[in-house]
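Reviewing the structure listed below.
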Amino acid sequence: MIDLKIQEIHIYGFGQLSNIVINDLSDFQVFYGENEAGKSTIMAFIHGILFGFPTKQSSELRYVPKNGSNYGGKLRIYFKEFGIATIERIRGKASGDVTVTLEDGTTGDEELLKQLLGNMDKGLFQAIFSFNLHGLQNINQMKGDELGKFLFSTGTLGTERLAKTEAELQKELEARYKPSGKKPVVNEKLKSLHELSGELKKQQPKFKVTRPWSQIKKEFVRK
């Protein structure tokens, strides 16, 4: 599994974003803000630089700038195996023209980029390194080998965070339901439902039907 860290994001023009530089990024970076602030656009930009811009035939948003800015930008990424690499992608044929420059001066294109990424595809990258709610929901669609890589990366990239999250979720679950509890919300609802069921059974004799329903139905139709 590749080991990388994005150090700088430079957006020339992508969707509503233009001439933006984001640096001093942490190992685990969270983008947050109001709706339409550009969070999804930044994520789509990273995916576009690494794996190509969506083509006109694609169902994905292309984020072509409407203000006339140059379409594209670059990422500065540290790869444990290769060092620092600058990956620039701009408007070009199909998914855009990419140029990769390593710190030793080596340059390349898509082939070198694939080598840096360990031939990882866009779907797997999204599942491991950059995800949102929809990405988490798509985990169940991953194939066996992809899921194996995902689980492995979870262990290597942050077991403490995973354990902490699991503990918080368990606490939330127990606040809602415990097999032997009384106060959690679901337990109280189940108790109320059980009491209503008992009351319903007590009331059933009062509404006992002495004749078969089929006979009553026939008489009703006849009348």
Side-chain angles (χ1 to χ4, degrees), residues 1-55 58-66 69-92 94-103 108-139 142 146 149-150 153-154 156-158 161:
M1 183 61 63
I2 61 172
D3 187 349
L4 62 83
K5 176 185 177 182
I6 297 177
Q7 297 184 332
E8 182 177 282
I9 299 172
H10 187 175
I11 302 175
Y12 302 158
F14 199 78
Q16 79 270 35
L17 303 180
S18 177
N19 194 28
I20 291 177
V21 177
I22 304 173
N23 48 34
D24 193 26
L25 297 170
S26 61
D27 292 340
F28 186 80
Q29 186 67 43
V30 178
F31 291 98
Y32 64 93
E34 299 292 335
N35 289 338
E36 305 301 325
K39 304 183 297 297
S40 297
T41 304
I42 293 174
M43 184 179 293
F45 171 80
I46 294 173
H47 299 158
I49 297 297
L50 295 179
F51 302 99
F53 302 137
T55 62
S58 172
S59 59
E60 296 183 57
L61 292 176
R62 302 183 63 227
Y63 292 96
V64 176
K66 297 181 180 180
S69 302
N70 292 329
Y71 184 35
K74 62 183 178 181
L75 298 173
R76 188 167 178 263
I77 303 178
Y78 168 76
F79 293 90
K80 185 175 182 180
E81 183 178 353
F82 301 96
I84 297 175
T86 299
I87 304 167
E88 181 184 50
R89 190 182 296 269
I90 58 176
R91 189 195 304 269
S95 58
D97 294 336
V98 65
T99 301
V100 180
T101 304
L102 303 183
E103 57 183 336
D109 51 19
E110 295 284 3
E111 290 303 316
L112 179 55
L113 179 55
K114 289 180 180 179
Q115 183 181 352
L116 295 178
L117 296 173
N119 289 313
M120 177 181 292
D121 62 19
K122 181 178 178 180
L124 189 55
F125 180 89
Q126 288 174 300
I128 297 174
F129 294 106
S130 64
F131 51 84
N132 54 18
L133 178 60
H134 299 296
L136 290 173
Q137 292 172 337
N138 289 334
I139 289 178
M142 297 175 67
E146 294 176 330
K149 292 178 181 179
F150 173 77
S153 67
T154 302
T156 57
L157 296 177
R161 289 195 297 268

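Just so it is clear, the model here is predicted, and its values are computed rather than measured.
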Next item on the list: Indicate yes or no: at least one non-hydrogen side-chain atom of Phe82 is less than 4.5 angstrom from one of Gln115.
Entry: yes
Notebook entry, point to check: Do Arg89 side-chain atoms and Ile49 backbone N/O form a donor-acceptor pair below 3.5 Å?
Noted result: yes
Note to self: Could you measure the distance from the CD1 atom of Ile77 to the CG atom of Leu50? Nearest 0.5 Å is fine.
What the structure shows: 5.0 Å
Item checked: Stepwise side chain to side chain contact (heavy atoms under 4.5 Å, CB included) check, His10 with Ile20 -> CA-CA 6 Å; His10 187 175; Ile20 291 177; over 6 Å; no
Margin query: Just verifying a value: how many Å separate Glu36 CD and Ser40 OG, rounded to the nearest 0.5 Å?
Written below: 8.5 Å
Next item on the list: Would you check, one step at a time, whether the test side chain to side chain contact (heavy atoms under 4.5 Å, CB included) holds for Glu8 with Val21?
Entry: CA-CA 7 Å; Glu8 182 177 282; Val21 177; 4.1 Å; yes
Next item on the list: Measure across Leu61 and Pro54 and return the closest heavy-atom pair with its distance rounded to 0.1 Å.
Entry: O-CG, 3.4 Å
Notebook entry, point to check: Are side-chain heavy atoms of Ile90 and Asn70 found at a separation under 4.5 Å?
Noted result: no
Check: At what distance, to the nearest 0.5 angstrom, does CZ of Phe14 lie from CD1 of Ile9?
Finding: 11.5 Å
Next item on the list: Any side-chain hydrogen bond (donor to acceptor under 3.5 Å, both in side chains) involving residues 71-87? Give me the pairs, sequence neighbours left out, ordered by first then second residue.
Entry: Gln7-Arg76
Checklist line | For Lys114, all residues meeting salt bridge (Lys or Arg N to Asp or Glu O under 4.0 Å), sequence neighbours excluded | finding: none
Check: Which is it for His47 and Phe45 under the ring pair (Phe, Tyr, Trp, His ring centres under 6.0 Å) test, yes or no, and what are the steps along the way?
Finding: CA-CA 5 Å; His47 299 158; Phe45 171 80; over 10 Å; no
Note to self: Tell me the closest heavy-atom pair linking Lys39 and Phe31, and the distance in Å.
What the structure shows: CD-O, 3.6 Å
Next item on the list: Output the distance between atom CG (Leu117) and atom CZ (Phe125), rounded to the nearest 0.5 Å.
Entry: 7.5 Å
Next item on the list: State, with a plain yes or no, whether a side-chain heavy atom of Leu102 is found less than 4.5 Å away from one of Ile84.
Entry: no
Next item on the list: Not counting sequence neighbours, list each pair that qualifies as a side-chain hydrogen bond (donor to acceptor under 3.5 Å, both in side chains) and has a residue in residues 14-26.
Entry: Gln16-Thr41, Ser18-Ser69, Ser26-Gln29
Notebook entry, point to check: Got a second to check how far Asp109's CG is from Ile87's CD1, nearest 0.5 Å?
Noted result: 12.0 Å
Next item on the list: Answer yes or no: is there a side-chain heavy-atom contact under 4.5 Å between Leu17 and Ile42?
Entry: yes
